[in-house]
Engineer: 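Pasting a structure below so you can have a look.
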Amino acid sequence: MPLTETNIFISDSSPKGLTERWTMKLRGKLRPREVDTQFEFGLDADVAIVVVGLNDDWESEGWDRKTLSLPGVTDSLVEKVGKANKNTVVVNQSGSAVAMPWIDSVSSVVQAWYGGNENGNAIADVLLGKVNPGGKLSISFPKRIEDIPSYGHFGSENGKVRYSEDLFVGYKGYQKRNITTLFPFGHGLSYTTFKLGEAQVSKPTGSGTDISLTVTVPVTNTGSVAGSEVVQVYVTLPKGHLSHPNNQLRGFKKVKDVAPGQTVEATITLDKYSVSYWDDLISRWRADKGTYILKVGTSSDNIVSEVAFEVENAFEWNGL
């Protein structure tokens, strides 16, 4: 549930906006050099908030990170705070996945990314329940670096980069190798809960590149506050002469501000992009004749409904 503005412990590394709003409510402060001393900070607080993460010293578009670990003694800090206070909330600011060896010692994690100058105020609004978060992860968070689909082939060799994972990047690679992630692609929680009903799919209309079909899913807010949910549709292509990832995200729809007890309908339209793949032998996009399976859920690992439809005639195409 959202935090209240009473008796909060917060670490020194918090964003400026967050610190300014809660300065008078701090019960203790902790600097990194004190991590290895006897830890007592946060013991008398109702909630401990630890703000951690990366910055441009640790990640960039121009070079690859060497590890998933947080910098320095950050993991030790989080572990000690979590053991001292069972109601520890970790706010992580990073543009990529990080390892969380302390995950079982904390009550919750907020992935804040890089929100700019107002990120501190935005985080405070989420933690205090003024805003109900409804975001989803655009990447998978692995448990360890060895689980990453491209592990063992980072960087270049003789000036060439080997993409050994081939089509099985991200969640497709984890599913192919049956590896459980820390947090799967598409995952995200809020201060309420949702139930997805059985998906329904229309019969495809049009033919060839004009193919179109609609998936409808009832979404019910089963919690006590208004919130938003993202319905995700993954497609399994029929078996053919080429291998494909088993599940491929082909559509999604966010239903916004659904009231407690309310049921709304999410509608996702699929088209030629949803049934096609690139065939390098003919240098064209191709859609095979056969049965396509639609898997509907709230993340790549939380599929709650399946439906099927038929493509009656194969077709090929180029361009967009």
Side-chain angles (χ1 to χ4, degrees), residues 53-54 58-70 92-101 103 109-114 133-157 160-189 215 229-240 242-254 268 270-271 273-280 285 292-306:
L54 309 174
W58 300 97
E59 66 176 343
S60 169
E61 292 184 4
W63 43 268
D64 294 329
R65 292 164 57 199
K66 302 298 184 182
T67 175
L68 289 180
S69 298
L70 288 167
N92 180 62
Q93 297 180 90
S94 68
S96 53
V98 299
M100 300 181 183
I103 190 66
V109 176
V110 176
Q111 176 61 27
W113 308 103
Y114 297 130
K136 299 288 184 174
L137 289 179
S138 57
I139 58 175
S140 304
F141 273 53
K143 291 183 177 180
R144 55 180 196 150
I145 195 170
E146 292 84 1
D147 292 341
I148 296 175
S150 58
Y151 179 75
H153 299 281
F154 300 153
S156 63
E157 297 177 356
K160 295 182 179 180
V161 176
R162 181 185 177 193
Y163 293 94
S164 60
E165 67 272 39
D166 198 53
L167 296 175
F168 300 92
V169 298
Y171 69 92
K172 307 178 189 77
Y174 294 110
Q175 291 182 346
K176 178 179 175 59
R177 297 188 294 154
N178 197 30
I179 292 177
T180 301
T181 57
L182 183 64
F183 296 112
F185 171 81
H187 172 75
L189 302 177
V215 182
E229 180 60 286
V230 179
V231 179
Q232 303 164 37
V233 178
Y234 296 83
V235 175
T236 300
L237 304 181
K239 292 184 178 181
L242 295 177
S243 60
H244 306 288
N246 191 40
N247 298 328
Q248 301 182 65
L249 182 69
R250 287 293 184 264
F252 59 90
K253 177 69 175 182
K254 187 171 190 175
I268 302 101
L270 304 180
D271 53 20
Y273 299 104
S274 306
V275 297
S276 299
Y277 61 90
W278 181 256
D279 191 332
D280 57 351
W285 294 99
Y292 290 72
I293 307 297
L294 299 179
K295 299 178 181 179
V296 179
T298 56
S299 79
S300 58
D301 282 2
N302 185 36
I303 303 300
V304 298
S305 181
E306 293 187 13

Engineer: Do Gln175 and Asn246 have side-chain atoms, one donor and one acceptor, less than 3.5 Å apart?
Structural biologist: no
Engineer: Donor-acceptor pairs under 3.5 angstrom involving side-chain atoms of residues 143-157: please list them, not counting sequence neighbours.
Structural biologist:
{"unit_1": "Arg144", "atom_1": "NE", "unit_2": "Asp147", "atom_2": "OD1", "d": "3.0"}

Engineer: Of all residues at least two apart in sequence or in a different chain, which pass the side-chain contact (heavy atoms from CB on, under 4.5 Å) check with Ser69?
Structural biologist: Thr67, Asp75
Engineer: Could you list the residues that satisfy ring-ring contact (aromatic ring centres under 6.0 Å, His included) with Tyr171, not counting sequence neighbours?
Structural biologist: Phe185, Tyr234
Engineer: Could you check Asp301 against His187 for side-chain contact (heavy atoms from CB on, under 4.5 Å), going step by step and ending with a plain yes or no?
Structural biologist: CA-CA 8 Å; Asp301 282 2; His187 172 75; over 6 Å; no
Engineer: Is there a side-chain contact between Val98 and Arg65, using heavy atoms and a 4.5 Å cut-off?
Structural biologist: yes
Engineer: Which atoms form the tightest heavy-atom contact between Tyr114 and Gly95, and what is the distance?
Structural biologist: CE1-N, 3.3 Å
Engineer: Looking at residues at least two apart in the chain, or sitting in another chain, which of them share a side-chain contact (heavy atoms from CB on, under 4.5 Å) with Ser305?
Structural biologist: Glu198, Ala199, Val296
Engineer: side-chain contact (heavy atoms from CB on, under 4.5 Å) with Ser274: which residues, sequence neighbours excluded?
Structural biologist: Arg250, Leu270, Asp271
Engineer: Got a sec, which residues hit side-chain contact (heavy atoms from CB on, under 4.5 Å) with Lys253, two or more places apart in sequence or on another chain?
Structural biologist: Ala266, Ile268
Engineer: Rounded to the nearest 0.5 Å, what separation is found between the CG atom of Leu167 and the NZ atom of Lys176?
Structural biologist: 10.0 Å
Engineer: Do Thr236 and Lys295 come within less than 4.5 Å of each other through their side chains, counting heavy atoms only?
Structural biologist: yes
Engineer: Atom NZ of Lys172 and atom OG of Ser300: how far apart are they, to the nearest 0.5 Å?
Structural biologist: 10.0 Å
Engineer: How would you list, by chain and number, every residue that makes a ring-ring contact (aromatic ring centres under 6.0 Å, His included) with Tyr277, sequence neighbours excluded?
Structural biologist: His244
Engineer: With sequence neighbours left out, what residues match Trp278 under ring-ring contact (aromatic ring centres under 6.0 Å, His included)?
Structural biologist: Trp285
Engineer: Closer than 3.5 angstrom, by distance alone: can the side chain of Glu165 be matched with the main-chain N or O of Gly173 as a donor-acceptor pair?
Structural biologist: no
Engineer: Applying ring-ring contact (aromatic ring centres under 6.0 Å, His included), name anything that partners Phe141, two or more places apart in sequence or on another chain.
Structural biologist: none
Engineer: Please list all pairs passing the salt bridge (Lys or Arg N to Asp or Glu O under 4.0 Å) test where one or both residues lie in residues 229-240, with sequence neighbours left out.
Structural biologist: Lys136-Glu229
Engineer: Indicate the atoms forming the closest heavy-atom contact of Pro142 with Leu68, along with that distance.
Structural biologist: CG-CD1, 3.7 Å
Engineer: Hey, could you give me the OG/CZ distance between Ser243 and Phe168, rounded to the nearest 0.5 Å?
Structural biologist: 4.5 Å
Engineer: Considering residues at least two apart in sequence or located in another chain, which fulfil the side chain to side chain donor-acceptor pair (under 3.5 Å) criterion with Asn302?
Structural biologist: Thr298
Engineer: Just jot down the side chain to side chain donor-acceptor pair (under 3.5 Å) partners of Asn92, sequence neighbours excluded, or say none.
Structural biologist: Ser94, Gln111
Engineer: When you compare the side chain of Phe183 with that of Leu189, does any pair of heavy atoms fall below 4.5 Å?
Structural biologist: no
